[in-house]
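Reminder, nothing fancy here: chain letters follow the sequence lines and each chain counts from 1. Since the structure is predicted, the reported quantities are computational estimates derived from the model, not experimental observations.
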There are 2 protein chains.
Amino acid sequence: MTNTATQTPTRANNRIGVVRDIAAELFAEKGFHETTMRDIARRAGMLPGSIYYHFPSKADLLAGVYEEGVSRLLARIDAADPGPRAEPWARLEAVMTAHVEAILDRSAYARVMIRVLPDAAPGAAARLIEARDRYEARIAEVIARLPLAPGIDRRLLRLFLLGAANHVQVWRREGGRSPAEIAVALVRLLRDPARGHG
Amino acid sequence: MTNTATQTPTRANNRIGVVRDIAAELFAEKGFHETTMRDIARRAGMLPGSIYYHFPSKADLLAGVYEEGVSRLLARIDAADPGPRAEPWARLEAVMTAHVEAILDRSAYARVMIRVLPDAAPGAAARLIEARDRYEARIAEVIARLPLAPGIDRRLLRLFLLGAANHVQVWRREGGRSPAEIAVALVRLLRDPARGHG
DNA sequence: ATTGACACCAAACAATCGTTTGTTTAATTT
DNA sequence: AAATTAAACAAACGATTGTTTGGTGTCAAT
């Protein structure tokens with residue numbers, strides 16, 4: 001079995017991944033409009049026009065990054081999720097830890113989804129929103145299992161939770177608390193009363 | 001005292017306010033890089049070059065909007081704040097209500113501060129960060145008075161709170177919950193345990 | 001009446017943007 | 001070996017960007 005030719009190493013579709021990776025990094029670092037096709041091409045070692053062989057437009061490139069980002073983020077969530085039979089709050093803690101770790105990662109895909117709003121590229125906004133919803137539904141699934149006090153709106157809880165978690169990307173500095181510590185503190189703040197004896 | 005000339009109604013510095021208001025609206029709606037000097041000039045009924053009589057650059061215009069935004073936001077917070085002698089949680093509720101109302105307002109100044117990140121305009125980033133810090137210090141002041149359970153990090157609490165509150169701008173739709181309802185729900189989530197009998 | 005700052009206009013500047021076009025090289029298929 | 005296709009290059013396109021330059025009418029003070 002020394003046959004190495006059967007795994008279809010067609011030269012196709014390898015640089016397209018490189019281009020998308022680089023676009024993800026630059027979109028995450030600088031934003032969509034602040035990143036030019038020339039920036040991406042330069043880092044990929046190719047010419048600006050060559051990108052258009054792989055992606056029909058800059059907006060489509062962003063959509064591709066977004067959708068790949070959701071897939072990767074969901075994969076990380078799935079890997080961290082202890083499953084519906086685990087204790088619900090511990091489950092949320094595990095999932096949120098994976099989330100915070102992902103958006104602070106050097107892998108840029110998750111960061112793009114938080115930094116770049118759908119209206120940055122009107123031509124691809126629908127695809128971006130759909131991808132985002134697909135992810136939020138996964139989080140909603142975990143929140144649905146939480147035993148909550150009556151009157152607590154689970155949708156509001158989800159939006160607050162994601163808002164607080166995603167904001168970490170803005171204020172977190174190297175050398176501070178670890179992503180896991182941050183996530184745990186956040187979940188604990190919701191689970192246990194923050195109020196002391198007043 | 002019918003002297004109306006002492007209040008220096010020199011015709012100067014009236015359109016500069018209009019230009020800044022319009023810039024605030026467009027920056028809030030579309031973002032910094034997505035807004036052109038021509039967009040602003042058109043809405044102000046003047047020519048692009050004329051803006052440079054009032055502001056030396058686009059980045060400086062953004063800084064002006066930012067700083068005016070902080071001033072207005074602080075004014076609203078001050079007006080809503082019942083003061084340090086009020087019950088601390090009620091105080092936070094009042095202040096956060098004012099905050100959420102401001103960032104959903106048609107007045108665009110507060111919205112710019114949340115939508116446009118300092119690194120959008122490197123030339124003015126220092127001024128933007130300074131303005132933002134000035135505001136966050138005001139919130140920290142209110143949080144400092146809260147009676148909290150031991151082990152709760154007040155800085156983390158502040159960052160989570162602002163992250164969750166600012167995220168409202170992304171998901172809130174017309175006709176949904178009122179800003180006040182949202183703010184109250186958010187504070188209550190921190191003050192009271194969300195957890196039910198599990 | 002003259003002056004001088006003020007607040008703009010008119011027109012252009014160089015640079016950069018996303019994108020298109022025609023061509024070329026190298027790998028694969030026939 | 002010939003034909004085909006994938007994946008790029010090379011070079012430009014028109015449009016738009018932030019900004020500059022020089023002129024102009026208007027108003028307040030002299």
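- Using a 4.0 Å heavy-atom cutoff across all strands shown, A:Gly45 reaches sugar-phosphate atoms only and no base atom.
- Distance, B:His33 NE2 to C:dC17 P: 11 Å, rounded to whole Å.
- Taking a pair as Watson-Crick or G-U with both hydrogen-bonding distances under 3.5 Å, the stems of three or more pairs touching DNA chain D are C:1-30 with D:1-30.
- Between the CZ atom of B:Phe55 and the P atom of C:dC6 there is a distance of 16 Å, given to the nearest Å.
- The side chain of A:Lys58 lies closest to C:dT19 when the candidates are C:dC8, C:dA10, C:dT19.
- Counting any heavy atom pair closer than 4.0 Å across all strands shown, B:Thr36 reaches sugar-phosphate atoms only and no base atom.
- Mapped onto DNA chain D by nearest heavy atom, A:Gly49 and A:Tyr53 fall at different nucleotides, with A:Tyr53 at the one closer to the 5' end.
- What separates CD of A:Glu34 from C1' of D:dT17 is a distance of 14 Å, to the nearest Å.
- For the pair B:Arg76 and B:Asp105, the salt-bridge criterion is met [side-chain N within less than 4.0 Å of a carboxylate O].
- Exactly one residue among B:Thr36, B:Asp21, B:Thr35, B:Val112 makes a side chain to side chain contact (heavy atoms under 4.5 Å, CB included) with B:Leu26. That residue is B:Thr35.
- Separating the CG atom of B:Leu47 from the P atom of C:dA11 is a distance of 10 Å, rounded to the nearest angstrom.
- Ion pairing of A:Arg134 with A:Glu130 is absent here, as no side-chain N (NZ or NE/NH1/NH2) approaches a carboxylate O to less than 4.0 Å.
- Taking 4.5 Å as the limit, some side-chain heavy atom of A:Leu47 sits within range of a side-chain heavy atom of A:Ser50.
- Checked against D:dA12, D:dA8, D:dT19, the side chain of A:Arg38 finds its nearest nucleotide in D:dA12.
- Between B:His54 and C:dC8, a side-chain N or O to OP1/OP2 separation shorter than 4.0 Å is present.
- For A:Arg15, whose side chain is taken as the heavy atoms from C-beta onward, the closest listed nucleotide among D:dA8, C:dG18, D:dA6 is D:dA8.
- Residues B:Asp39 and B:Lys30 are in side-chain contact: their nearest non-hydrogen atoms beyond the backbone lie under 4.5 Å apart.
- If you take CG of A:Leu61 and C1' of C:dT19, they are 14 Å apart, rounded to a whole angstrom.
- Between A:Trp171 and B:Phe160, the ring planes lie perpendicular to each other; the angle is over 60°, past the 30° to 60° tilted range.
- Of the listed nucleotides (C:dG18, D:dC9, D:dT17), C:dG18 has the atom at the smallest distance from the side chain of A:Tyr52.
- In this structure, the CZ atom of B:Arg42 is 16 Å from the P atom of C:dA10, given to the nearest Å.
- Distance CE (B:Met46) to P (C:dC8): 5 Å, rounded to an integer number of Å.
- Side-chain nitrogen and oxygen atoms of A:Ser50 include none within less than 4.0 Å of the OP1 or OP2 phosphate oxygen of D:dA7.
- In this structure, the CE atom of A:Met37 is 21 Å from the P atom of D:dA12, given to the nearest Å.
- Atom CZ of B:Arg172 is surrounded by more than 12 heavy atoms from other residues, nucleotides or ligands within 6.0 Å.
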